[in-house]
Engineer: 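Okay, handing you the structure first.
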Amino acid sequence: MMSAGLDPCQRTVRIYFDHNATTPLAGAARAAMVRALDRAGNPSSVHTEGRAARDLVEAARRQVAAWLGGEPDEVVFTSGGTEADVLGVVGLARAARGAGRLPRVMVAPIEHPAVLGAAEALVAEGFAVERLVVDADGRVDGADLARRLAGGGAVVAVAAANHELGTRQDIAALAAMARAAGWWLHVDAVQLAGKAPLPPVVAAADAVAVSAHKIGGPAGVGALWVRRGIDLAAVSPAGHQERERRPGTENVVGIAGFAAAVELADPARYAAVAGLAERLEAGLLALPGVAIQGRGAPRVGNTVNARFAGARGEAIVIALDLAGVAVSTGAACTSGSVKPSPVLLALGLGADEAREAVRFSLGPSNTADEVDRVLALLGPIVDRARRHR
Ligand SMILES: Cc1ncc(COP(=O)(O)O)c(C=O)c1O
C-alpha cells in the first residue's frame, strides 16, 4: 500500500492525508481482483463457471461476516457505503412499518448525505423524519433521544464514526435505548471499519453499513449487515440476487477485492496512526488561531478536523495540493459557490467559521516525517490564505 507517490507529472512526492475520502488500493485486494477478472461466470448460472463465481462470492461473504462478527446470511453485498446506508435506512423503515410500528425515522444531523438522503426520501412514503440534537463535539444528546424514542417509531440512524470529525458515538448505549423503546438502529460504520473492531457494533445494532474503499479495497462495493430475523424490504424491486434484498448480478471482482481488504483491515494498524494524528494535532494547535473540531469527544485515531480562523479552508486545501499534499474540506462545491459543511453547522459553527475548516485523515502508510513536512508547509500557507481572504 502506498501513501506517497509521484504526482501525475512525476515532479513532487505526494503526501496523502485524505484516507476518509478513499484509501489506496491494497496490493492483496488488487491481486484478488485481477484473479477474479480472469474468470468468466455469473454467480446465478448453474454451470461450472457460474458455480465457481458463486463459490468466490460465498467465500467472500463468509470472510466479511466473520470480520463483522455476524453470520454469512446476514450480509448483503451492495455497490458501496451509500447503497448500504440507503438499504439499511429505507429497508428497515419499510419493514418496521410493515410490522406495525409508527412511521417515524430519526437521524443525527451530522450523518453522511447517504443516510440523510435516504431518510428524506422516506417523507414521500409518509414517514416523519426528525433530526436528533448533538452537542458541540457531535455527540448525540441522550436525553433528547430518550424523549423522542418514547413516542414509538421505526428506525434511528447514527454513524459509529463521523466522516468529517472522526468523532465516535456510544453505539452500545444508543442501541440499548432504541431497543428498549421498540425501535431499530441502523449504524453507518463506514468510517469505523478498519479503525476499530466491528463486532461490538454489530452485536448492538440492527443494521450496519460498510464500504470496501475505506479499508484498502476497491470503490463500488460494500455491504449491509442485517440482523437475522428482520425481513428487510428491498429498495430496488427487480431481481432475485442477495436473497431478494439487493437485486442485480453481483460485482464478483469488487467483492473479491473487498474480501481481500477485510483480511488486512486490522485495527491494530490504526493504533499507530493515532500517534501520528496526535503529533499533527499538537503541531496544528501550536499555530496561531487554530481550533480542532470534535476534540471533546472520543475519536477514531486518524482524523483531525482543524479550523484556521480568518482563512478559507478551500484556499488551504488548494495550496497544500499544489505543494504535494492531499487533504479536504467538508464543504460541498455547487455551481462555483462553496457551501459550508452541514456537519460543522450542526455543531453550532457559523457559516463563515465552517468555511475555515480542513480535514486531515491519515492512514497506516503515513509517517512522522510526512506529518512534520505538512506542518512546516502549513505556517506560510495559512498566513497567505488569511491575507487573501
Ligand atoms: C460515513 C460514510 N458513510 C457512507 C459513505 C459512502 O460510502 P461509498 O463511497 O462507498 O458510497 C461514506 C463515504 O465517504 C462515509 O464516509
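Both ligands and their constituent atoms are indexed starting at 1 by order of listing.
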Engineer: With sequence neighbours excluded, tell me which residues meet side-chain contact (heavy atoms from CB on, under 4.5 Å) with A99.
Structural biologist: none

Engineer: Any heavy-atom pair between the side chains of F258 and W67 that's under 4.5 Å?
Structural biologist: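 Side-chain contact under 4.5 Å: yes.
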
Engineer: Only counting residues at least two apart or in another chain, list the ones meeting side-chain contact (heavy atoms from CB on, under 4.5 Å) with E278.
Structural biologist: none

Engineer: If you measure from the Lys or Arg side-chain nitrogens to the Asp or Glu carboxylate oxygens, is any gap between R61 and E250 under 4.0 Å?
Structural biologist: no

Engineer: Pairs of donor and acceptor atoms involving the side chains of residues 25-42, under 3.5 Å and at least two apart or interchain, shall be tabulated with distances.
Structural biologist:
from : atom 1 : to  : atom 2 : distance (Å)
R39  : NH1    : A52 : O      : 3.3
N42  : OD1    : S44 : N      : 2.9

Engineer: Looking at R307 and E356, does any basic side-chain N land under 4.0 Å from a carboxylate oxygen?
Structural biologist: yes

Engineer: Heavy-atom cut-off of under 4.0 Å around ligand 1: list whichever protein residues fall inside it, by chain and number.
Structural biologist: G80, G81, T82, D85, H112, H163, D188, V190, Q191, S211, H213, K214

